[in-house]
Amino acid sequence: MPVPSDTQAETQTRHDQHSLYPQALTADDFRHNLAAVQARMAAACLRSGRDPGAVRLLPVSKTKSEASLRLAYEAGCRHFGENKVQEAYGKWETMQDLAGLNWSVIGHLQTNKAKLVARFASEFQALDSLRVAESLDRRLQAEGRSLDVFVQVNTSGEDSKYGLSPEEASGFLKELPAFSALRVRGLMTLALFSSDVERVRGCFVLLRHLRDQLRQQAPVGVSLNELSMGMSGDFEIAIEEGATVIRMGQAIFGARSLPDSHYWPEAG
Ligand SMILES: *Cc1c(COP(=O)(O)O)cnc(C)c1O
């Protein structure tokens, strides 16, 4: 696969080009990165006939220092996505002084960490088991809180990815009204990590079709309006295929020093 020129960049994936993301070191760096991302989001919306207001940008701050998150906040970020609960909880604890900051947990959860999520998160995007749904609901009831959730679906068929298989999603959704503290918002996926644009696109198309199909039979109280899909390397394709939330780390914060395999065993 040749390195894309700037003019074709928006239709390429960039999973293998982490050096493209310089570190954001000042609030101005963050403003610059956010503006650049928003311009690319707007362009992707324009060419696919979508309203730019219908796509939410979730900055993903995993592995980044508290100082870095504070700069992002200064540049206007009010919502951070984190992959690991312990790390997210620690950041939440030390950043309580920042008004109006919301936390989204976007990585796999073990039931023994549900208690932490119930305490501080406003959104959980990686729901893929009834055991986790049950633990979260119980802890949320105890805290007197509720939580927006996305059901994670494995659209790439890779063993290394979490999430329900597309076939399991329908039965799973039928069980969720039992957990009244969970507000089901939609589906989430991670596409294949590949430079093959059409295979990546296929993952997003699969999630959209699944959502359209499930929406027709969704139980009362389960809304499936949201599609969380797309990250720094593939967000434009995701927007073209209907993403309503894109989860962006490196394009905003700069490259991570840890390889993706640290988060997704066997990725890459
Ligand atoms: C890290 C992460 C992202 C963001 O990846 P970038 O390449 O930094 O944009 C998106 N979704 C999930 C679930 C992640 O863990």
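Start at 1 and go down the list; that is how both ligands and their atoms are numbered. We count residues from 1, following the sequence as given.
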Original post:
Do any heavy atoms of R256 fall under 4.0 Å from ligand 1?
Top reply: yes
Original post:
With the threshold set at 4.0 Å, does a side-chain nitrogen-carboxylate oxygen contact exist between R40 and E236?
Top reply: yes
**OP:** Before accepting this row, confirm whether a basic side-chain N of the pair R185/E226 lies closer than 4.0 Å to the acidic partner's carboxylate O.
**Re:** no
Original post:
So which bit of I106 gets within less than 4.0 Å of ligand 1, heavy atoms only: side chain, backbone, both or neither?
Top reply: both
Subject >> Option of least heavy-atom distance to atom 2 (C) of ligand 1 (set: M229, K62, M231, R247) >> reply: K62
**OP:** Nearest 0.5 Å please: distance from the CD1 atom of I106 over to the CE atom of M188.
**Re:** 6.0 Å
Subject >> Check ion pair E240-R50 (N to O, under 4.0 angstrom) >> reply: no
Subject >> Charged tip of K161 within 45° of F193 ring normal and under 6.0 Å >> reply: yes
Original post:
N/O to N/O below 3.5 Å, does that happen between G249 and ligand 1?
Top reply: yes
Original post:
Numbering the atoms of ligand 1 from 1, which are under 4.0 Å from a heavy atom of M248?
Top reply: 9 (O)
